[in-house]
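Numbers for residues simply follow the sequence, beginning at 1. This is a predicted model, so every value here is computed, not measured. Whatever order the structure lists them in is the order used to number ligands and atoms, beginning at 1.
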Amino acid sequence: MIEASAPAKVILVGEHAVVYGQPAIAVPIASLRASATAEPGAPGQGLKIVAADLNQTLPLNVDAGLVDHALLKTARLVSETHRRPLPDLTITLRSQIPMASGLGSGAAVSAALARALSAALGEPLELERLNALVYEVEKMHHGTPSGIDNTVVVYDQPIFYVRGQPIERLTIAAPFTLLIGDTGQSALTRIAVGDVRALVEREPERYLPVLSQIGALVREARAAVERGDAATLGERMTQNHALLQTLAVSSPELDRLVHAALDAGVLGAKLSGGGRGGNMIALVVPETVARMRQALERAGAVHVFETTVQ
Ligand code: PMV
């Protein structure tokens with residue numbers, strides 16, 4: 001039996017601007033994962049994927065042309081990369097990560113599946129090839145993703161990411177704690193990204209500077225993370241939220257959670273990911289976690305996750 005997994009992620013600062021070549025920082029959520037378990041199947045059964053949480057079983061005949069399905073596409077890409085037919089195997093997928101809410105669920109499930117399948121074929125994919133493969137699958141969800149989601153999920157480390165440049169792993173001088181508040185509303189990143197593109201094309205003189213300002217905040221946030229300065233990191237996060245509002249990717253629910261967190265005394269708060277729904281994050285002093293969690297729940301968060309970034 002082979003087991004593999006990949007974490008959820010949040011974007012700490014820089015979403016949307018990262019699509020336009022600005023830097024962004026993303027961190028894995030170690031405790032929230034997608035996993036894949038591979039077991040030998042009956043001779044001749046081919047590859048069977050059991051998506052336990054989705055209540056789905058996919059008897060996989062990868063030649064059947066069903067490649068618009070992300071899981072099937074993942075399996076087919078592994079088989080093509082290794083130039084090997086799919087083995088008689090049953091892979092069970094499980095995920096604790098809410099879907100379509102900016103936590104990288106699609107990338108994590110795809111990474112876990114590709115890891116388990118390539119290991120079962122006797123050739124575990126190394127990180128760079130796995131990352132390129134998961135990026136191909138991500139294109140199905142996002143159109144033209146920046147690549148930040150698949151990279152943080154595959155490398156399972158905090159990253160400073162600039163599109164098309166080598167991955168930089170971030171040094172965390174002092175661990176910090178995030179609360180992740182889920183609005184309970186799913187939102188399609190593809191739509192928000194398209195709407196931002198329309199704004200930028202319509203009024204570049206107004207919106208390109210907003211993207212550069214986000215880039216500048218990200219560089220300052222990086223310096224804060226690298227010297228263990230949580231107060232400055234929090235400020236940059238809150239400023240980033242205001243700029244994301246200017247790009248019209250927040251929502252009344254996200255704003256309500258962000259304001260509730262700030263009123264309760266967090267160090268900083270912002271939406272995270274594509275926006276319009278999904279999740280927000282708040283940087284909290286560890287001793288105040290219980291109180292801040294309550295503030296988020298009272299303001300309407302349907303789930304609150306906690307993670308320590310280190
Ligand atoms: O998948 P999400 O919702 O976390 O969004 C990814 C971040 C964006 O910058 C909005 C899009 C991208 O491709 O980088």
Qualifying residues under side chain to side chain contact (heavy atoms under 4.5 Å, CB included), relative to His259, sequence neighbours excluded: Asp255
- prompt: So if you build clusters from Ile, Leu, Val, Met, Phe, Trp, Tyr with side-chain heavy-atom gaps below 4.5 Å, do Val210 and Leu199 land together?
  reply: yes
- request: State, without any angle test, whether Gln294 and Arg291 hold a side-chain donor-acceptor pair at a distance under 3.5 Å.
  value: no
- prompt: Which heavy atom in Ile214 sits nearest to a heavy atom in Gly14, and how many Å separate them?
  reply: CG2-CA, 3.7 Å
- prompt: How about Thr74 and Ser110: does a side-chain donor come under 3.5 Å of a side-chain acceptor?
  reply: yes
- request: Taking only Lys NZ, Arg NE, NH1 and NH2, and the carboxylate oxygens of Asp or Glu, determine whether Arg76 and Glu136 approach each other closer than 4.0 Å.
  value: no
Residues in the immediate environment of ligand 1 (any heavy atom closer than 4.0 angstrom): Lys9, Ile11, Glu15, His16, Val18, Val19, Gly102, His142, Pro145, Ser146, Ile148, Asp149, Thr189, Val193, Gly273, Gly274
